[in-house]
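Counting starts at 1 for both ligands and their atoms, following the listed order.
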Amino acid sequence: MAVKRKTRQRDAIFGAIRGADGPLSVAEIHELAGRAIPGLGIATVYRNVRSLRDEGAITAVELPGEDPRYEPSGRGHHHHFRCTDCERTFDLEGCPVGVERGATLPGGYRVDGHSLTFYGSCEDCNRV
Ligand SMILES: [Zn+2]
Ligand SMILES: [Zn+2]
């Protein structure tokens, strides 16, 4: 019985992360997974997030000045859009940066990678 509940908690937590349209904070995971599992505790969410991360199933996304967010591993190269109104973070499709890994920038800088986050308001929030 206890094992079954643990599996259900984990499935709800992983399901919330997989079903989201962007990386989720622990508080957001808690809210979403708590709809499926009434009484789900925040400590349980933290514990499952840690073990999913240790297993490599999810990856942390760090935005400056924010708690880490989590997304499923293996989504490939992509960027995020942070809505400063509703404070949600969304995945963006494609990469607008035309600089490939291995490219050399003026000044002789060889590029290994880049990170980029857009800020603004999402479709829900900029609807007048
Ligand atoms: Zn928004
Ligand atoms: Zn990119």
Q. Just checking, R50 and Y46: is the charged tip under 6.0 Å from the six-membered ring centre and within 45° of the axis?
A.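 Not satisfied by the 6.0 Å and 45° rule.
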Hey, are [X] and [Y] close enough for a salt bridge, meaning a charged N less than 4.0 Å from a carboxylate O?
X: R88; Y: D124; result: yes
X: R69; Y: E62; result: no
X: E71; Y: R53; result: no

**Q.** Residues in side-chain contact (heavy atoms from CB on, under 4.5 Å) contact with R101, at least two apart in sequence or another chain
**A.**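 Partners of R101 by the side-chain contact (heavy atoms from CB on, under 4.5 Å) criterion, ordered by chain and then number, come out as D112.
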**Q.** Residue and atom names of protein N/O/S atoms that fall under 2.8 Å from the Zn ion (ligand 2)
**A.**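 Protein N, O or S atoms closer than 2.8 Å to the Zn ion (ligand 2): H77 NE2, H79 NE2, C95 SG, H114 NE2.
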(Q) Contact between L105 and V111 at the side-chain level, heavy atoms closer than 4.5 Å - yes or no? (A) yes
Q. Looking at side-chain heavy atoms only, is the closest gap between S25 and H30 below 4.5 Å?
A. no
(Q) If the condition is ring pair (Phe, Tyr, Trp, His ring centres under 6.0 Å), which residues does H80 pass it with, not counting sequence neighbours? (A)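 H78.
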Q. Within less than 2.8 Å of the Zn ion (ligand 1), how many protein N/O/S atoms are there?
A.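 There are 4 of them.
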Q. How close do P96 and F118 get, heavy atom to heavy atom, and via which atoms?
A. CG-CZ, 3.9 Å
